[in-house]
Amino acid sequence: MEKFEKLKGIVAPLDRSNVDTDAIIPKQYLKSIKRSGFGPNAFDDWRYLDPGEPGMDNTVRRKNDDFVLNQSPYDTATILLARENFGCGSSREHAVWALTDFGFRAVIAPSFADIFFNNSFKNGLLPIALDAAVVDDLFKKVHAKSGYKLEIDLTSQRITTEEGDEIAFDVDEFRKYCLLNGLDDIGLTLKHADDIRAYEQQRKQSAPWLF
Amino acid sequence: MAGKTLYDKLFDAHVVRTENDGTALLYIDRHLVHEVTSPQAFEGLRLADRKPWRVDAALAVPDHNVPTDAVERARGITDPVARIQVETLDNNCTEFGITEFKMDDIRQGIVHVISPEQGATLPGMTLVCGDSHTATHGAFGAMAFGIGTSEVEHVLATQCLIQKRMKNMRINVEGTLGAGVTAKDIVLAVIGEMGTAGGTGYAMEFAGSAIRDCSIEGRMTICNMAIEAGARVGLVAVDDVTIDYVKGRPYAPSGDLWEQAVNAWSDLHSDSDAVFDKEVHLDAASIKPQVTWGTSPEMVAAVDANVPDPARETDTVKASSMEKALKYMGLEANTPLSSVAIDKVFIGSCTNSRLEDIRAAAAVIKGRKVAANVKLAMVVPGSGLIKQQAEREGLDKVFIDAGFEWREPGCSMCLAMNADRLEPGERCASTSNRNFEGRQGQGGRTHLVSPAMASAAAIAGHFVDVRDF
């Protein structure tokens, strides 16, 4: 996994609540058996005017010019700003892969759906939940100035605005540690293999029908 | 000391170790695997030269991509991309030694339908699957939740997951449901009340006399959609209904082990003095048949209501979502829901494709015909065994005589990964779980309803109150 320490980048405003994972990456692209290549189809139904299918050349498809990610400079944004309950719906990790493949490294919203939130940390995408009023204020700033940038520092858990204001954010200690170091948590868990075996031994006694 | 909630009992029984910040390593008893969210996980194992920790805990089945057309199934999947994905599952299961019910197996079906049917879902288990509707299995007093592909790989490699304890919520539904009102209407009403993020961060236990009165199939429908209220985990306490359902199933314990298991399962309920972080109360008798009108499951109303008016919503973010939804759905505010005409009907999905659902739908259909304006009405049973049993009861004939198509099992038009889908602008009465934009096909318009309501709509050609039908 790619490390996440600091990020300064353009913020793309996606002014919608309940952005679901079906919208982030529609079902037809889930047939892929790879982890990469989903970026051109992120938000496919909103981004293109014609229906998309896997294997199409996306560069020749008709783009929806009204959609924020088709507009410059948001096509090079690395931070996505959205409303409540971002990433709800299906557990598809392809949604996170589509966002990172597009170029996003962080998503800021008032709240996230649990599975999406969890999947993000496994792929070096930092989801930041901020107070709805703070997010609303960021929307105003971003709408007022195209190409508005934020700087995110994971170590100090702070976002710095262009005006120099600082916004603190929460992140679980363990997740922060994995993200800062780009750690694969399977390797970490396997360090506790003896504990897992001990649990299994005890469980075979107390609930033998599970084995 | 206060008693424990069911969720806390299940969590505590599966802790392998706990970190200082409260993060726990949880042991996973059952891992369900399907073709869409597993190929990258198996590939990850191969790249790291890792072996599955415990193959007998895993059970695999292809369901999302499989055709529901008998001819295509016999011939092999036409879509080459989908075919590769199903073959990849077959190959991975063979390579790693995981039991799989392949497409031609009578036990094949939707992963959340076949596991309970086989007794592979047991009370007291931790159960995961790379699918958000894994919450379904909570109907058995099991802690079941959906995971992403990285976590699928994590469970394959370690039989564990790194988890934080969720908060506890209890939804109390007391009283008796009216005639024609079903488990689906209960859960849609709950989502309408809570909102799609109301349960985020919580394990949601469903309790009260109306839940106890539900069959295990109805409880599965309710827990299945806990995720649509934001809760990864849905739960119902174990009672005789649960035990009677599990008994004698192929993967269930038998003999002395059965007695031992039943004895242990008797503790799988929240203690009477357990404290919940949040409690919600609903009166079962006041729940009417529900129909969603928007593009999020929380956008739901009783069938006798009108399409709501964004102009009357004071929250501007909400009003803007409502406007977007109505535009997408092609609906005018203040229109009676019962006047909305439909193009297609889908009876199926992990929410409503079990025998009880098919029987309820058939009871409404019997002796009637699908309306002329309905282009396609289809029933997709949840498993090969359900299909077989329904055919023994002659239900396939009831549907076919009425003008329905009777299909092979799979996820089908719930998410339209196979050929079953809506065309742009088409409107569907669907027994599935999500009415998101494009969920059943790009530009398609989904209205979520119960099987009885979907059947009534198929006959009438528009939504109709099944209680008057």
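Each chain gets a letter, A, B and so on, in the order its sequence line appears, and its residues count up from 1.
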Worksheet entry | Top of E35(B), K324(B), E228(B) for chain A proximity - count of heavy-atom pairs under 4.5 angstrom | K324(B)
Practice prompt. Take S90(A) and R434(B) through the test side-chain contact (heavy atoms from CB on, under 4.5 Å) and record every step on the way to the result.
Written response: CA-CA 9 Å; S90(A) 153; R434(B) 289 193 174 129; 3.5 Å; yes
Worksheet item: Heavy-atom distance under 4.5 Å to chain A: side chain of E298(B), backbone, both or neither?
Response: side chain
Item to complete: Please test E43(B) against I33(A) for side-chain contact (heavy atoms from CB on, under 4.5 Å), starting from the C-alpha separation and ending with a verdict.
Response: CA-CA 9 Å; E43(B) 185 61 16; I33(A) 56 172; over 6 Å; no
Worksheet item: Which region of A193(A), side chain (C-beta onward) or backbone (N, CA, C, O), has a non-hydrogen atom less than 4.5 Å from a non-hydrogen atom of chain B, or is it both or neither?
Response: both
Worksheet item: Do the ring planes of W265(B) and W209(A) sit parallel (below 30°), tilted (30 to 60°) or perpendicular (above 60°)?
Response: perpendicular
Discussion item. I'd like to know if D184(A) and R50(B) make a salt bridge, using a cut-off of under 4.0 Å between side-chain N and carboxylate O.
Written reply: yes
Fill in: Test item: K31(A) side-chain N/O and Q85(B) main-chain N/O as donor-acceptor pair under 3.5 Å
no
Worksheet entry | H64(B) portion near chain A, given a 4.5 angstrom heavy-atom threshold | neither
Worksheet entry | Contact origin within T23(B) toward chain A - heavy atom pairs under 4.5 Å | side chain
Worksheet entry | Winner by heavy-atom pair count (cut-off under 4.5 Å) against chain A, out of R30(B), K318(B), E151(B) | E151(B)
Worksheet item: Just checking heavy atoms, which of residues 108-121 of chain A are less than 4.5 Å from chain B?
Response: F112(A), D114(A), I115(A), N118(A), N119(A)
Item to complete: Supply the atom-to-atom distance Y48(A) OH to Q442(B) CD, rounded to the nearest 0.5 angstrom.
Response: 12.0 Å
Discussion item. Counting heavy-atom pairs under 4.5 Å with chain A, which one of A264(B), G230(B), A416(B) comes out on top?
Written reply: A416(B)
Item to complete: Count the heavy atoms belonging to other residues, nucleotides or ligands that lie under 6.0 Å from NZ of K247(B), then report whether that count exceeds 12.
Response: no
Item to complete: Please state whether the side chain, the backbone, both or neither of P26(A) comes within less than 4.5 Å of a heavy atom of chain B.
Response: neither
Worksheet, complete the sentence: To the nearest 0.5 Å, atom OG of S150(B) lies from atom CZ of R35(A) at 4.5 Å
Worksheet item: Is it the case that more than 12 heavy atoms not belonging to D165(A) sit under 6.0 Å from its CG atom?
Response: yes
Discussion item. Looking at chain A, which one of I227(B), T295(B), T88(B), I162(B) has the largest number of heavy-atom pairs inside 4.5 Å, strictly under?
Written reply: I162(B)
Worksheet item: By number, which residues in residues 126-135 of chain B have some heavy atom less than 4.5 Å away from chain A?
Response: G130(B), D131(B), S132(B)
Fill in: Side chain / backbone / both / neither for D45(A) at chain B, heavy atoms under 4.5 Å
both
Fill in: Atom CD of Q157(A): over 12 foreign heavy atoms under 6.0 Å
yes
Discussion item. Within this structure, what is the CG-OG1 distance for the pair L188(A) and T158(B), rounded to the nearest 0.5 Å?
Written reply: 11.0 Å
Item to complete: Can you sort out the partners of R47(A) under salt bridge (charged side-chain N to carboxylate O under 4.0 Å, His left out), two or more places apart, ordered by chain and number?
Response: none
Discussion item. Taking atom CG as the centre, does N20(B) end up with more than 12 heavy-atom neighbours from other residues, nucleotides or ligands that are less than 6.0 angstrom away?
Written reply: no
Practice prompt. Could you verify whether a donor N or O on one side chain and an acceptor N or O on the other, from S17(A) and S321(B), lie under 3.5 Å apart?
Written response: yes
Worksheet item: Any idea which heavy atoms bring K164(B) and D172(A) closest together, and the distance?
Response: NZ-OD1, 3.4 Å
Worksheet item: Non-hydrogen atoms of chain A under 4.5 Å away: do they reach the side chain of N418(B), the backbone, both or neither?
Response: neither
Discussion item. Minimum heavy-atom separation for Q260(B) and Q205(A), please, with both atom names.
Written reply: NE2-O, 4.3 Å
Worksheet item: With side chains defined as the heavy atoms from C-beta onward, is the minimum distance between H14(B) and R203(A) less than 4.5 Å?
Response: yes
Fill in: Region of R175(A) that comes under 4.5 Å of a non-hydrogen atom in chain B
neither
Discussion item. Given heavy-atom pairs under 4.5 angstrom as the criterion, report whether the side chain, backbone, both or neither of A13(B) touches chain A.
Written reply: both
Response to the item:
ring-ring contact (aromatic ring centres under 6.0 Å, His included) pairs touching residues 12-36 of chain A, sequence neighbours excluded, are none
Worksheet item: Minimum heavy-atom separation for E173(A) to D21(B), with atom names?
Response: CB-OD2, 3.7 Å
Worksheet item: Which answer fits L257(B), side chain, backbone, both or neither, if we ask what part of it has an atom under 4.5 Å from a heavy atom of chain A?
Response: both
Discussion item. Taking the side chain as everything from C-beta on, heavy atoms only, tell me whether W53(B) gets closer than 4.5 Å to L190(A).
Written reply: yes
Discussion item. Using every non-hydrogen atom in the two residues, find where D56(B) and F211(A) come nearest and quote the distance to one decimal.
Written reply: OD2-C, 4.4 Å
Worksheet entry | Contacting region of D136(A) [heavy-atom separation from chain B under 4.5 Å] | neither
Worksheet item: Between atom CD1 of I196(A) and atom CZ of R54(B), what is the distance when rounded to the nearest 0.5 Å?
Response: 12.5 Å
Response to the item:
The reported gap from NE2 in H154(B) to NZ in K122(A) (rounded to nearest 0.5 angstrom) is 6.0 Å
Response to the item:
Note: H192(A) and L25(B) closest approach over all heavy atoms is CB-CD2, 4.3 Å
Item to complete: Heavy atoms only: give me the nearest G148(B)-E93(A) pair and the separation to one decimal.
Response: C-OE1, 3.2 Å
Discussion item. Counting heavy-atom pairs closer than 4.5 Å to chain B, which one of N123(A), I186(A), N85(A) comes out on top?
Written reply: I186(A)
Discussion item. If I measure from the heavy atoms of chain A, does L415(B) come under 4.5 Å with its side chain, its backbone, both, or neither?
Written reply: both
Worksheet entry | Under 4.5 Å from a heavy atom of chain B, the part of E84(A) involved | side chain
Discussion item. So for atom CG, which belongs to D256(B), do other residues, nucleotides or ligands contribute more than 12 heavy atoms lying within a distance under 6.0 Å?
Written reply: no
Worksheet item: Is it the side chain or the backbone of V86(B) that comes within 4.5 Å of chain A heavy atoms, both, or neither?
Response: neither
Worksheet item: If you round to the nearest 0.5 Å, how far is CG of D20(A) from CZ of F436(B)?
Response: 4.0 Å
Fill in: Residue R83(B) versus chain A: region with a heavy atom under 4.5 Å
neither
Item to complete: Return the option, out of T149(B), V317(B), T37(B), T200(B), with the maximum number of heavy-atom pairs under 4.5 Å with chain A.
Response: T149(B)
Worksheet, complete the sentence: Bottom line for I147(B): the part with an atom under 4.5 Å from chain A's heavy atoms is backbone
Worksheet item: Heavy-atom distance under 4.5 Å to chain A: side chain of Q440(B), backbone, both or neither?
Response: backbone
